[in-house]
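As structure tokens, the structure follows; a few thoughts come after it.
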Amino acid sequence: MKRRRTALLSLAALLGAALTALPAQQAGADEVEQVRNGTFDTTADPWWTSNVTAAASDGRLCADVPGGTVNRWDSAVGQNEITLVKGSSYRFSFAASGVPEGHVVRAIVGLGVAPYDTWYEATPVLGESGDSYAYTFTSPVDSTQGQVAFQVGGSAEPWRFCLDDVSLLGGVPPEVYEPDTGPRVRVNQVAYLPAGPKNATLVTDATTKLPWRLRNAAGATVAHGWTVPRGVDVSSGQNVHSLDFGAYRTRGTGLTLVVDGETSRPFDIGTAAYEQLRLDAVKYYYTQRSGIAIRDDLRPGYGRAAGHIGVAPNQGDTDVPCQSGVCDYRLDVSGGWYDAGDHGKYVVNGGIATWELLSTYERSLYARTGRPSALGDGTLALPESGNKVPDVLDEARWELEFLLRMQVPDGRPLAGMAHHKIHDEQWTGLPLLPSADPQKRELHPPTTTATLNLAATAAQAARLYRPYDKAFAAKALTAARKAWAAALAHPDVHASPSDGNGGGTYDDGDATDEFYWAAAELYLTTGERQFRDQVLTSPVHTADIFAPTGFDWSRTAAAGRLDLALVPSRLPGRDTVRASVVKGAQKYLATLEGQPYGMPYAPDGNRYDWGSSHQVLNNAVVIATAYDLTGAAKYRDGAVQSMDYVLGRNALNQSYVTGYGEVASHHQHSRWYAHQLDPTLPDPPKGTLAGGANSSIQDPYAQSKLQGCVGQFCYIDDIQSWSTNETAINWNAALARLASFVADQG
């Protein structure tokens, strides 16, 4: 399912200002060149400019770019009336320089009229010497209204941009993108548990078994065995073998596997990495916070000013109006977490993310291997640390307070419901710190699904915060009851799939699963008959909800089912609930055993979904819960083994978690973790999960590189690939939960 739409609009759409045409002169073009006068030998015709002073100079177009702008599109040069043919391949090339060096230009090919789609973009960091750049892409459309533009705004200081040899050449064979997958032995590049499963995958043409050796850091062989041929792996299209070295249980660092003339990337056997990953996956949320300055002493390298508190250029989240025609009031909806790589805040995604963090803590209270102190007070280095409240609850509360603020006030239409989302009126570009976002913020209409997310998470919070803050727990339960009643009164108010300008839609036309989840949380907190009956009569209660793509913001029934199975209650038929979770886990375990790369994820038709890496993890959470319920070692091992996929045992031979593994994602799509575009900004923090393979490759950058990709290969670690490489609060919650489980097994 499409998680969200991150449209990157062209200059004309966002600027809303007149473009200044440079002096005209007749120019010709041959049959394949689409850019007119890309060499600027005598004139700048027919290029236009916006908010720059530009002219042809010494056979180049040079522009003086003013300082003090915020966005890339605040200053630009470009050319309209570009013709493209759908399915044809083009080479987009140019030479460019920037003085002083280090400035980023956003070079785009897109639609020059509404809705201003971007079909291809590149963002080189310019030097002073005038380097040449070339890219190939395939046009997704037929158009005679295309646009080539170079967006150069966003600098505090003025600078000089020069451009030459601009070309959009049709009929050029597409460049074949071949990712560097390193050695053919694919391992968990971080760590295997001493007493846990240890598996690897070998890519090879061999059809018969091969000998393997496990070497320690000194190069000595400490174990050996034979591979198991598995044939062609559907998820990657590769011929592979699997190998099992689980019998070796000695702790160590820098181990490698040697097989078929290849040596794997190094890994450890131990538990320390998972204790740290448990913390890092949750520490991620602090730097996602809105409405508070991020302290550099707590997160070195990530300190920044508070975003969206009404300090210019922000318009702020403390007094936000609705979209036109939605309401006649304004709300303080400050705080919360920025949802993903943009500055939007969404109740439906905030709800499932908060639930999973709270459930990570709640599991520690009831599971046989749970350790509540592992995420206790002082473990996460938060501003609230030292208040005698578990840090994970402090972090989750930052989002819970925001969710409560999104509730429609008493006396207003739809009172008690929750507004679906709040974000910018228009999309913003990259990079852009939260404190520098100048866009108007808007509340979007209330929806039933958002209201039930609020009811579920607030009810769950009421029972977990009661030992620490009775007043907050009571406030949360009151809000949950009010939201439940409002949802019953308005059961079919849904988000519009077209409401995607400036933020993701998160549209979901069926609230049956959210009703079940909210009823489950309210019952577990109150024990009341009305909520018990809602659980027992829900069509979801006895349905098989453990589908191949698992649970997510739009598929929330599993949240209710897992908590009903794990949290003690007097629910009639609770044994049947627990058995259904074990049955779902067995199904995912069978999927894992059938996958040569050992993950509990095999989507229908090998169509990897948006955020597939977190779906692997959430399916593993079901397996882990089965272990908590039964104590059966096969479920423990299956959940632990699932972590291998996101930490490097995959077709691309890379970890999807920043800072973990020799080769790991670190260019995730984000407006402020944007080191790839702005050297003064950081990469995402250690412990950030990338979305992962997505067969639909919706963004132009992925489309230019990954056409025809198979399953696991539909991913690229580039900041422009928002459909395969974004970061998101619900994805990291899945990482936090499974990492915590694995750490507990050490």
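The model shown is predicted, which means the values in this text are computed figures rather than measured ones.
- Under the 3.5 Å distance criterion, with hydrogens and angles disregarded, no donor-acceptor pair is assigned to the side chains of Asp717 and Gln654.
- A heavy-atom distance below 4.5 Å is not found between the side chains of Ile719 and Tyr701.
- With a 4.5 Å cut-off on side-chain heavy atoms, Asp164 and Leu61 do not count as touching.
- Put simply, the side chain of Asp699 gets close to the backbone of Ala702: a donor and an acceptor are under 3.5 Å apart.
- Thr447 and Ala495 make their closest contact through CG2-N, 3.5 Å (heavy atoms, listed as atom of the first residue, atom of the second, distance).
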Donor-acceptor contacts, no H, no angles, side chain residues 83-97, under 3.5 Å, sequence neighbours left out:
{"from": "Ser89", "atom 1": "OG", "to": "Val172", "atom 2": "O", "distance (Å)": "2.9"}
{"from": "Tyr90", "atom 1": "OH", "to": "Val85", "atom 2": "N", "distance (Å)": "2.8"}

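- Contacts classified as side-chain hydrogen bond (donor to acceptor under 3.5 Å, both in side chains) and involving residues 54-66 (residues at least two apart or in different chains) are given here: Asp64-Arg160.
- Between Trp553 and Tyr506, the distance separating the two ring centers is shorter than 6.0 angstrom.
- No hydrogens or angles considered: a donor-acceptor pair under 3.5 Å links the side chains of Arg106 and Gln151.
- The main-chain N or O of Gln668 is never found under 3.5 Å from a side-chain atom of Glu726 such that the two would form a donor-acceptor pair.
- There is a side-chain donor-acceptor pair under 3.5 Å between Trp337 and Glu395.
- Electrostatic pairing of Lys345 and Asp317 counts as a salt bridge here, judged by a charged N lying under 4.0 Å from a carboxylate O.
- Counting all heavy atoms, side chain and backbone alike, Thr69 lies closest to Asn51 at CG2-ND2, 3.8 Å.
- Residues Ala56 and Thr43 come closest through the heavy atom pair CB-C, 3.9 Å.
- Between the NE2 atom of His614 and the CD1 atom of Ile729 there is a distance of 11.0 Å, given to the nearest 0.5 Å.
- Looking at Asp424 and Arg441, a side-chain N of the basic residue comes within less than 4.0 Å of a carboxylate O on the acidic one, giving a salt bridge.
- For Tyr673 and Thr658, the side-chain atoms include no donor-acceptor pair closer than 3.5 Å.
- Checking Asn501 against Gln426 by side-chain atom types alone, a donor-acceptor pair falls below 3.5 Å.
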Next item on the list: May I have the step-by-step check of side chain to side chain contact (heavy atoms under 4.5 Å, CB included) for Lys421 and Asp499, ending in yes or no?
Entry: CA-CA 11 Å; Lys421 56 181 182 170; Asp499 186 17; 3.5 Å; yes

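- Side-chain atoms of Leu382 and Trp398, non-hydrogen and from C-beta on, never get closer than 4.5 Å to each other.
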Notebook entry, point to check: Passes side chain to side chain donor-acceptor pair (under 3.5 Å), Gln720 versus Thr123? Steps please.
Noted result: CA-CA 8 Å; Gln720 302 294 353; Thr123 50; 3.0 Å; yes

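- When every heavy atom of Ala664 is checked against every heavy atom of Val657, the shortest pair comes out as CB-O, 3.4 Å.
- Across every non-hydrogen atom of Ser334 and Thr318, the tightest pair is CB-CG2, 4.0 Å.
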Next item on the list: Given side chain to side chain contact (heavy atoms under 4.5 Å, CB included), test Arg405 with Asp332 step by step and report yes or no.
Entry: CA-CA 7 Å; Arg405 293 186 183 108; Asp332 176 357; 4.2 Å; yes

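- Side-chain atoms of Phe713 and Leu706, non-hydrogen and from C-beta on, never get closer than 4.5 Å to each other.
- At distances below 3.5 Å, at least one donor-acceptor pair connects side-chain atoms of Asp296 with backbone N or O atoms of Gly301.
- Listed for the Asp74 side chain is a donor-acceptor partner under 3.5 Å among the backbone atoms of Val70.
- Under the 3.5 Å distance criterion, the side-chain polar atoms of Tyr286 are left unmatched by any main-chain donor or acceptor of Pro383.
- The neighbour count for Glu425 CD, taken as heavy atoms of other residues, nucleotides or ligands under 6.0 Å away, is above 12.
- Checked by atom type, the side-chain pair Thr428/Gln439 shows no donor-acceptor distance below 3.5 Å.
- Within the 3.5 Å criterion, the main-chain N or O of Ser498 finds a donor-acceptor partner in the side chain of Ser496.
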Notebook entry, point to check: Could you go step by step and tell me if Ile697 and Thr724 meet the side chain to side chain contact (heavy atoms under 4.5 Å, CB included) rule?
Noted result: CA-CA 7 Å; Ile697 54 171; Thr724 78; 4.3 Å; yes

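- The list of ring-ring contact (aromatic ring centres under 6.0 Å, His included) pairs with a residue in residues 299-319, not counting sequence neighbours, reads His308-Tyr338, His308-His343.
- Between the side chains of Ser167 and Glu33, a donor-acceptor pair is found at a separation under 3.5 Å.
- Side-chain atoms of Asn730 and Asn349 form a donor-acceptor pair, as typed in the model, at a separation below 3.5 Å.
- Panel note: side chain Gln147, backbone Gly78; no donor-acceptor pair is recorded below 3.5 Å.
- Contact between Thr49 and Ala54 at its shortest, heavy atoms only, is CG2-CB, 3.8 Å.
- Proximity of Val152 to Trp159: side-chain heavy atoms (C-beta onward) are separated by under 4.5 Å at one or more points.
- To the nearest 0.5 Å, atom CD of residue Glu101 and atom CG of residue Asp131 are 10.0 Å apart.
- Judged purely by atom type and a 3.5 angstrom limit, Ser695 uses its side chain to pair as donor or acceptor with the backbone of Tyr608.
- Put simply, CH2 on Trp731 and CG on Asp552 are 8.5 Å apart, with the number rounded to the nearest 0.5 Å.
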Next item on the list: Go through Tyr346 and His420 one step at a time and tell me if the side chain to side chain contact (heavy atoms under 4.5 Å, CB included) criterion holds.
Entry: CA-CA 6 Å; Tyr346 308 81; His420 197 71; 5.7 Å; no

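- Counting heavy atoms from C-beta outward, Ser721 and His667 have side chains that stay 4.5 Å or more apart.
- Rounding to the nearest 0.5 angstrom, the gap separating the CD atom in Glu121 from the CG atom in Leu430 is 8.0 Å.
- Atom OG1 of Thr505 and atom NE2 of His444 lie 11.0 Å apart (nearest 0.5 Å).
- Between Tyr715 and Tyr656, a ring centre-to-centre spacing shorter than 6.0 Å is recorded.
- Atom CD of Gln34 sits about 12.5 Å away from atom CD of Glu81, to the nearest 0.5 Å.
- Tyr284 and Thr727 form a side-chain donor-acceptor contact under 3.5 Å, judged by distance and modelled atom types alone.
- In this structure the side chain of Arg304 never reaches within 4.5 angstrom of the side chain of Ser435, judged on heavy atoms.
- Side chain of Arg671 to main chain of Leu433: no donor-acceptor pair is present (N/O by atom type, distance under 3.5 Å, no hydrogens or angles).
- The number of heavy atoms from other shown groups lying within 6.0 Å of CG (Asp180) does not exceed 12.
- With a 4.5 Å cut-off on side-chain heavy atoms, His419 and Pro446 count as touching.
- No side-chain N or O of Trp47 forms a donor-acceptor pair with one of Asn37 less than 3.5 Å apart.
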